[in-house]
Undergrad: 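Pasting a structure below so you can have a look.
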Amino acid sequence: MALQIRQTMTAAAFDEWVRLPENSERRFERIAGEVVEVVSNSLAARIAFRIGGFLFVYLQQHDIGTATGADGGYQVGSERYIPDVGFIRYERQTGDATAAYYPAAPDLAVEIVSPSFRPERLMIKMGNYLAAGTMVWMVYLTEREVQVYKPGQPVELIDSNGTLSGGDILPGFEIVLQDIFTDHKASD
Amino acid sequence: MAVQYRQRMTVEAFDVWAKRQDRDYEYVRGEALEVVSNNYSSQVGILIGGMLAVYVAQNQLGHVTGADGGYQVMGERYIPDAAFVSRSKQPQPSREAYNSNPPDLAIEVLSPSDDVDKIRIKIANYLASGTVVWVLDPDAKVAEVYRPGQSVVVIDENGTLDGGELLPGFQIRVGDVFPPETDV
């Protein structure tokens, strides 16, 4: 993801601005009060789609909430984030689902980290997600590992031979990391 | 702070090993990492650390350590550029290589060679330990304030870092912790 604009905007101004017709095809986040355009790459999108796919299958059998892909925005305090995959339990869904950014923080945010992404912005997002009670999975494409951030708990590191666990948020949900980092050939 | 040396080991092995080294090491995510900085970041660290130390001494609030003071944080071993432990948490100064009490406030000064992933892991573990973290960015000339359970606050150089309940009355203008880089 790259940084296209760096402009400070209030949350209210941001919410109006993103609804302008010229912005309808673009995705923006508000991080530390600044507008940041979200740009992804193909590999990040593939990995995010795989994680989202596993999550979707789980939710078909465990109807406890809703998942979003890399265009699903959330209000995290006064910030506006679009995680690559988001999940929010029904009990946190008390707001207007037609809002551009759902008016609550997700229970789980998955952020795919590629070398081009500005890491210090991730530091601020991590801090705000934790403050909002969100678990964060930061998926490192180059290192093939996942850092798990949970509010009030030590950071966990899962390497490419490990298994991600949904914990209290997604009971029984597991992803074997080799399943998301393995590149399938077209002939598979 | 940047990393020059790294080696995987258990934390028990690290505690024994680190005592025999001439240099300072942190233990982050299962690795021993040498602590290094650059000259300008070091200036920032000692400037804010000095202001903090004087204020804490005058008001008898607790203990301040510099860029060689270690702490145990969520099973890891960290050496922030400056840190404060309140007297109420710890009446006597610690004599341990890495204080078994995590600090109430940890100050991290970024340097260009920093591994930001490691810093983010450290911040999250500090937050889980109840530690407030001030991240000072000499390039952007801003301070980022991380407090457990609260939104991140970014303060530009004209803003004020406030000690809050932790350090009542302690206030510094963010720009004042970054020494001027142009000739006057």
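Here is the naming used below: chain letters follow the sequence lines, and residue numbers restart at 1 for every chain. Bear in mind the structure is a predicted one, so any value in this text is a computation, not a measurement.
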Undergrad: Counting heavy atoms not belonging to Leu47(B), are there more than 12 under 6.0 Å from its CG?
TA: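 Yes, CG of Leu47(B) has more than 12 neighbouring heavy atoms, counting only those of other groups under 6.0 Å.
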Undergrad: Measure across Gly149(B) and Ala131(A) and return the closest heavy-atom pair with its distance rounded to 0.1 Å.
TA: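 Looks like C-CB, 3.7 Å.
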Undergrad: Tyr146(B) versus Leu130(A): any side-chain heavy-atom pair under 4.5 Å?
TA: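 Heavy-atom side-chain distance check fails, nothing below 4.5 Å.
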Undergrad: Take atom CD in Gln92(B); do more than 12 heavy atoms of anything else shown fall under 6.0 Å from it?
TA: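 No - once you tally the heavy atoms of other residues, nucleotides and ligands closer than 6.0 Å, there are 12 at most.
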Undergrad: Verify the cluster assignment for Leu43(A) and Phe54(A): are they in a single hydrophobic cluster under the rule of side-chain heavy atoms below 4.5 Å apart?
TA: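 Both belong to a single hydrophobic cluster.
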Undergrad: For the residue pair Asn128(A) and Ser151(B), what are the closest heavy atoms and their distance?
TA: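 Looks like OD1-CA, 3.1 Å.
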Undergrad: Is Val155(A) close to Lys122(B) at the side-chain level, that is, under 4.5 Å between some pair of heavy atoms?
TA: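 No, too far: nothing below the 4.5 Å cut-off.
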Undergrad: Does the side chain of Met74(B) come within less than 4.5 Å of Gln153(A)'s, by heavy atoms?
TA: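 Not in contact.
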Undergrad: Does any backbone or side-chain atom of Pro154(A) lie under 4.5 Å from a heavy atom of chain B? Answer side chain, backbone, both or neither.
TA: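 Interface part for Pro154(A): both.
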Undergrad: Is it the case that more than 12 heavy atoms not belonging to Asn39(B) sit under 6.0 Å from its CG atom?
TA: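 No.
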Undergrad: How far does CD1 of Ile119(B) sit from CG of Leu122(A), to the nearest 0.5 angstrom?
TA: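 With rounding to 0.5 Å, CD1 (Ile119(B)) is 13.0 Å from CG (Leu122(A)).
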Undergrad: Check whether Tyr55(B) and Trp134(B) end up in the same hydrophobic cluster, where Ile, Leu, Val, Met, Phe, Trp and Tyr are linked by side-chain heavy atoms less than 4.5 Å apart.
TA: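 Yes, it is one cluster - the side chains of Tyr55(B) and Trp134(B) are joined through contacts under 4.5 Å.
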Undergrad: Between Val152(B) and Met123(A), is the side chain to side chain contact (heavy atoms under 4.5 Å, CB included) condition met? List the steps.
TA: CA-CA 9 Å; Val152(B) 183; Met123(A) 210 139 88; over 6 Å; no
Undergrad: Do you know which of Met138(A), Glu79(A), Met126(A) has the most heavy-atom pairs under 4.5 Å to chain B?
TA: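 Of Met138(A), Glu79(A), Met126(A), Met126(A) has the most heavy-atom pairs under 4.5 Å with chain B.
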Undergrad: Membership question, hydrophobic clusters at under 4.5 Å side-chain separation (ILVMFWY): are Leu105(B) and Ile46(B) in the same one?
TA: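 Looking at the clustering, Leu105(B) is in a separate group from Ile46(B).
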Undergrad: Check the surroundings of atom CG in Asp96(A): do more than 12 heavy atoms from other residues, nucleotides or ligands lie under 6.0 Å from it?
TA: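 Yes, because the 6.0 Å sphere around CG of Asp96(A) holds more than 12 heavy atoms from other groups.
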Undergrad: First locate atom CD1 of Ile124(A), then atom CD of Glu144(B), and finally report the distance between them rounded to the nearest 0.5 Å.
TA: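 One gets 4.0 Å once the value is rounded to the nearest 0.5 Å.
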Undergrad: For a 4.5 angstrom cut-off between non-hydrogen side-chain atoms, does Glu145(A) reach Arg29(B)?
TA: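 Side-chain contact under 4.5 Å: yes.
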Undergrad: Measuring heavy-atom distances to chain B, does Tyr129(A) have an atom under 4.5 Å in its side chain, in its backbone, in both, or in neither?
TA: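 Neither part.
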Undergrad: Flag the pair Leu157(A) / Ile121(B) as yes when at least one side-chain heavy-atom distance between them is below 4.5 Å, and no otherwise.
TA: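 Answer yes - side chains close enough.
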Undergrad: Are Phe49(A) and Leu59(A) in one and the same hydrophobic cluster, where Ile, Leu, Val, Met, Phe, Trp and Tyr link if side-chain heavy atoms are under 4.5 Å apart?
TA: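 Result: no, two separate clusters.
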Undergrad: Can you say whether Val135(B) sits under 4.5 Å from chain A via the side chain, the backbone, both, or neither, judging by heavy atoms?
TA: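 Side chain of Val135(B) only, per the 4.5 Å heavy-atom cut-off to chain A.
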Undergrad: Counting only heavy atoms not in Gln61(A), do more than 12 fall under 6.0 Å of its CD?
TA: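 Counting neighbours around CD of Gln61(A), more than 12 heavy atoms of other residues, nucleotides or ligands fall under 6.0 Å, so yes.
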